[in-house]
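To start, the structure itself, in structure tokens.
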Number of protein chains: 2
Amino acid sequence: MTRASARNVPEVTPLWLKLSSYLILKDEEKDYLSDLEKNIVRQTARTDLLQQGEKYRDVRVMREGWAIRHKALPDGRRQVVNFVLPGDIIGMYSTLFESADHSVTTLTAVEVACFPPERIVELFQSFPRLAAALAWSGAREEAIVAERLLSLGRRTALERTAHLIVELLRRLSTVNLVENGHFTLPVTQEILADALGLSIVHINRTLRRLRDSGLIELNGQRITVNDVRQLASVGQFDELYLHLIRAPKRLERAFSGDRRARSGDDKVEGRKM
Amino acid sequence: MTRASARNVPEVTPLWLKLSSYLILKDEEKDYLSDLEKNIVRQTARTDLLQQGEKYRDVRVMREGWAIRHKALPDGRRQVVNFVLPGDIIGMYSTLFESADHSVTTLTAVEVACFPPERIVELFQSFPRLAAALAWSGAREEAIVAERLLSLGRRTALERTAHLIVELLRRLSTVNLVENGHFTLPVTQEILADALGLSIVHINRTLRRLRDSGLIELNGQRITVNDVRQLASVGQFDELYLHLIRAPKRLERAFSGDRRARSGDDKVEGRKM
DNA sequence: TATGCCCTTTAACCTATGTTGTAGCCCCAC
DNA sequence: GTGGGGCTACAACATAGGTTAAAGGGCATA
């Protein structure tokens, strides 16, 4: 609760880091972000941060720990939509949407910052660069969900599983949570099954195949990827969708007014299939 | 090309309508939107508006017609991520992302407006309310993709198909493209299959079951839904995720400075599972 | 009127994945 | 330590959905 520091030395948080890959943050922007995160709350594992169907509450920023975003059918079948990692925002659109169409549940103990949804509006009004960076990071999240859709629709169980492992590896390594090819996966096989649209038994079979082929090792929650390249090739993994190549400078330039002609006569393209 | 009208009488476009459900647009915002859409281009059916892997080009606004957003694996397997309908934006994040992780292909002849990506940055700087409305409509699109993920992961072929038909019915009726329960579906069974993660043969079987049970009728591209309630119940359709209940007034209020206390002492919640 | 292409339809067969059931392990509570 | 709950593991069997193949309809072009 007292961890947020005074304005003169803003703390570097995961959100801060994430937005930095889109923008070179100005001092007042850093101050604003650190102010947003000043109300810090801890929650234990297996707690709902948001429940499908309820009215939206505060906006939350994940600072530490893992959670899942998931949706359920009335009869209990469940789909994990995405993993929520440090720096991710929960319920950013609370101001506008009536009620939540998904739940968010912690997998580990977590530390989140809470603030009222009105502050997002404030942010759009007063910090357009931050607003753009947030909107962009939201778009990146959508890209991840779309890629998972491709997995569920068109990849086999083995491919899907390999793909997810590589995805998590890549996402976690951008926040320095991977060391020597191994990382902590605080996830039961049931959750993996729900993320990949498989049964728990089949996820078990599939992990076994991956272990037998020597591509990965599993010890409790520790997963070791022995051969990323080959695992990526099994999963037909193409990291384009993670949009890891970011261009803070390009956005900087755009924001500093170096704008091209606003003429309406852009070239016309579009080619036949 | 000459259809965009002069500033004094801005044309009501689908984008305009869509944003109006989030905001009560001011005159200068209407003018700006109409200026954005002044460069209008037509394309025939089966043309790519964007190709996976290529550098992003212009931002486009769909004004008329249908398209699909889809992703493909190297071996040709393909997944349709979403249907692009009038008012939707294509490539909104061109400024930041290096290259496209999906393709967009027209299904019918379309009319789109094109503008350079820099204008999105301009919009964030000068029209924060429009920026917020756009960001929110992007979030709604993500919600649709997440719901489709639930379908592919956890619904049976019959449920998925019923669900998609009801979804399209609801989305199209908000833009007055449904009449008496029937609408035009400019889509081959192959595309349906790619949207639902099924084989073309199985989509055919499934449509047959829906027709045999009397829930729908198909004549060419005309689909008639005879019993929406029952179809919705087959598909376990809950329209929460479409976020059709919008609250322009709530957003208006937030933007006009009627903001609550910014104190940091929001209630702490979170309940055990 | 004929030709061909694209799309739909159906049948027969196949396989990836789901289901059910049982067992063992580990860890925590008592 | 003992019991129980949650998780992993794996075998045996069931089935939804995939694959292959072939025929037929509609529509444009010649």
Side-chain angles (χ1 to χ4, degrees), chain A residues 44-46 68 73 75-80 105 107-109 151-164 184-212 216-223 234-235 272-273, chain B residues 44-46 68 73 75-80 105 107-109 151-164 184-212 216-223 234-235 272-273:
Chain A
T44 56
R46 319 223 155 212
I68 47 175
L73 292 175
D75 64 10
R77 282 176 286 175
R78 187 175 74 149
Q79 178 65 41
V80 171
T105 304
L107 296 177
T108 64
S151 272
L152 296 215
R154 294 305 186 207
R155 278 189 255 248
T156 66
L158 188 72
E159 292 167 344
R160 275 178 232 186
T161 308
H163 189 276
L164 178 62
T184 303
L185 231 197
V187 140
T188 64
Q189 293 190 358
E190 184 180 9
I191 289 170
L192 276 185
D194 283 343
L196 295 173
L198 298 170
S199 69
I200 186 170
V201 175
H202 201 59
I203 248 294
N204 187 284
R205 283 196 274 249
T206 307
L207 288 175
R208 159 141 298 284
R209 285 181 63 191
L210 286 174
R211 264 183 296 161
D212 287 352
I216 64 169
E217 282 167 46
L218 284 169
N219 311 286
Q221 301 200 325
R222 188 146 224 87
I223 178 169
V234 168
K272 278 300 205 174
M273 276 205 297
Chain B
T44 56
R46 318 221 155 213
I68 47 176
L73 294 174
D75 63 11
R77 283 175 286 175
R78 185 176 76 149
Q79 177 65 41
V80 170
T105 304
L107 296 177
T108 64
S151 272
L152 297 216
R154 292 306 185 208
R155 278 188 255 249
T156 66
L158 189 71
E159 292 166 345
R160 276 178 230 186
T161 309
H163 189 277
L164 178 62
T184 303
L185 231 197
V187 141
T188 64
Q189 294 191 357
E190 183 178 10
I191 289 170
L192 277 185
D194 283 343
L196 295 173
L198 298 170
S199 69
I200 185 169
V201 174
H202 200 60
I203 250 292
N204 187 283
R205 284 196 273 250
T206 307
L207 287 174
R208 159 140 298 286
R209 284 180 64 192
L210 286 174
R211 264 183 295 161
D212 287 352
I216 64 169
E217 282 167 46
L218 284 170
N219 312 284
Q221 301 200 324
R222 189 147 222 84
I223 179 169
V234 168
K272 279 299 204 172
M273 274 204 298

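Chain A is the first sequence line, chain B the second, and so forth, proteins listed ahead of strands; every chain is numbered from 1.
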*Atom pair distance, as rounded to whole Å: CG in B:Asn219 and C1' in D:dG26*: 14 Å
_Partner residues of A:Arg154 under the salt bridge (Lys or Arg N to Asp or Glu O under 4.0 Å) criterion, sequence neighbours left out_ = B:Asp194
_Just verifying a value: how many Å separate A:Thr206 OG1 and A:Arg160 CZ, rounded to the nearest 0.5 Å?_
9.0 Å
*Does the side chain of A:His202 come within less than 4.5 Å of A:Thr161's, by heavy atoms?*
no
*Kindly indicate whether the side chain of B:Ile68, heavy atoms from C-beta on, has any atom under 4.5 Å from the side chain of B:Arg78.*
yes
*List in numerical order all residues of residues 184-192 of chain A for which some heavy atom is under 4.0 Å away from an atom belonging to DNA chain D.*
A:Thr188, A:Gln189
Distances under 3.5 Å between protein N/O atoms and the N/O atoms of nucleotides 14-20 of chain D, please, pair by pair.
| from | atom 1 | to | atom 2 | distance (Å) |
| --- | --- | --- | --- | --- |
| D:dG17 | OP1 | B:Ala157 | N | 3.1 |
| D:dG18 | OP1 | B:Ser199 | N | 3.3 |
| D:dG18 | OP2 | B:Ser199 | N | 3.0 |
| D:dG18 | OP2 | B:Ser199 | OG | 3.1 |
| D:dG18 | N7 | B:Arg205 | NH2 | 2.7 |
| D:dG18 | O6 | B:Arg205 | NH1 | 3.2 |
| D:dG18 | O6 | B:Arg205 | NH2 | 3.1 |

*Would you indicate whether the side-chain heavy atoms of A:Thr184 and A:Thr108 approach each other to under 4.5 Å?*
no
*asked:* Distance check, rounded to the nearest 0.5 Å: B:Leu218 atom CG versus B:Arg208 atom CZ?
replied: 10.0 Å
*Would B:Leu198 and B:Arg205 satisfy side chain to side chain contact (heavy atoms under 4.5 Å, CB included), going step by step from the backbone distance to the final call?*
CA-CA 11 Å; B:Leu198 298 170; B:Arg205 284 196 273 250; over 6 Å; no
*asked:* Can you tell me how far apart CD1 (B:Ile191) and CG (B:Leu196) are? Round to the nearest 0.5 Å.
replied: 12.0 Å
*For B:Leu207 and C:dT10, what is the distance between atoms CG and C1' respectively, to the nearest whole Å?*
14 Å
*Should we count CZ of B:Arg222 as having more than 12 external heavy atoms under 6.0 Å?*
yes
*Those residues that, when tested against B:Arg155, pass side chain to side chain donor-acceptor pair (under 3.5 Å) (two or more places apart)*: B:Glu147, B:Ser151, B:His163
*Would you say A:Gln79's side chain and A:Ala195's backbone share a donor-acceptor pair under 3.5 angstrom?*
yes
_Using the rule given for side chain to side chain contact (heavy atoms under 4.5 Å, CB included), can you reason through A:Leu207 versus A:Ile203, listing the C-alpha separation, both sets of side-chain angles and the distance that settles it, and then say yes or no?_
CA-CA 6 Å; A:Leu207 288 175; A:Ile203 248 294; 4.2 Å; yes
For nucleotides 22-28 of chain C, tabulate all protein N/O to nucleotide N/O atom pairs closer than 3.5 Å, reporting atom names and distance.
none

*Whole-Å distance between C:dC7 P and B:Gln221 CD?*
11 Å
_Can you give me the bend angle of the helix from C:dT1-D:dA30 to C:dC30-D:dG1? Use the axis through the first five pairs and the one through the last five, nearest 10 degrees._
40°
_From CZ of B:Arg77 over to C1' of C:dA16, roughly how many Å is that when rounded to an integer?_
13 Å
_Phosphate-side-chain proximity, B:Arg211 and C:dT9, N/O vs OP1/OP2 below 4.0 Å_ = yes
_Point-to-point distance, once rounded to the nearest 0.5 Å, from CD1 of A:Ile223 to CZ of A:Arg211_ = 10.0 Å
_Check the phosphate of C:dT8 against B:Asn204, side-chain N and O only, distance under 4.0 Å to OP1 or OP2. Yes or no?_
no
